[in-house]
Amino acid sequence: MRTIKTGLSVFVCILISFIFNRDTYVVSSITAVFTLREDMYNTLKFGRHRVVGNIMGRYFQ
């Protein structure tokens with residue numbers, strides 16, 4: 001099941017990157033793989049931290 005979840009998250013990241021014409025689809029895919037954890041609670045918690053960190057890093061350089 002983890003393999004399916006990983007493949008689906010990478011596919012969605014690449015799809016969103018192509019829809020918004022972003023060249024950083026590899027970075028978003030790697031982030032999706034690193035964000036996946038052992039259960040849904042930890043995945044969402046870690047994902048929120050990654051999103052906030054990426055936004056702050058992008059706009060407050």
Side-chain angles (χ1 to χ4, degrees):
M1 195 64 183
R2 185 174 173 96
T3 305
I4 294 171
K5 186 169 64 169
T6 303
L8 185 62
S9 65
V10 169
F11 173 74
V12 169
C13 285
I14 291 173
L15 184 66
I16 289 172
S17 294
F18 281 129
I19 288 173
F20 289 113
N21 200 20
R22 304 287 297 176
D23 293 331
T24 58
Y25 61 91
V26 173
V27 175
S28 63
S29 299
I30 291 172
T31 301
V33 171
F34 287 151
T35 302
L36 294 176
R37 298 295 168 196
E38 62 274 356
D39 60 359
M40 185 62 95
Y41 175 75
N42 286 329
T43 297
L44 291 175
K45 180 181 167 187
F46 196 76
R48 278 193 305 265
H49 291 295
R50 294 290 299 195
V51 168
V52 171
N54 286 341
I55 289 172
M56 289 178 67
R58 169 86 172 141
Y59 292 109
F60 298 113
Q61 294 185 40

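Keep in mind that this is a model prediction, so the values were computed, not measured.
Residues S28 and S17 approach most closely at OG-OG, 3.4 Å, considering heavy atoms. Residues R37 and R2 share a closest heavy-atom pair of O-NH1, 3.3 Å.
To the nearest 0.5 Å, atom CG of residue L8 and atom SG of residue C13 are 9.5 Å apart.
Around the NZ atom of K5, the shell of radius 6.0 Å holds more than 12 heavy atoms that belong to other residues, nucleotides or ligands. Open room surrounds CZ on R22; 12 or fewer heavy atoms of other groups in view lie less than 6.0 Å from it.
Residues satisfying the side chain to side chain contact (heavy atoms under 4.5 Å, CB included) criterion with V33, sequence neighbours excluded, are T6, V10. N54 meets the side chain to side chain contact (heavy atoms under 4.5 Å, CB included) test with T31; sequence neighbours excluded. D23 pairs by the side-chain hydrogen bond (donor to acceptor under 3.5 Å, both in side chains) definition with nothing, not counting sequence neighbours. Taking the side chain to side chain contact (heavy atoms under 4.5 Å, CB included) definition, one finds that I19 meets it with L15, sequence neighbours left out.
Transitive grouping of hydrophobic side chains (ILVMFWY, heavy atoms separated by less than 4.5 Å) keeps I14 and I16 in distinct clusters.
Within the structure, ring-ring contact (aromatic ring centres under 6.0 Å, His included) pairs that include any residue of residues 11-57 comprise F18-Y25 (at least two apart or interchain).
Think of M40 as one node in a network of Ile, Leu, Val, Met, Phe, Trp and Tyr side chains linked at under 4.5 Å; its network also takes in L44.
T43 contributes no side-chain N or O that, together with a main-chain N or O of L36, makes up a donor-acceptor pair within less than 3.5 Å.
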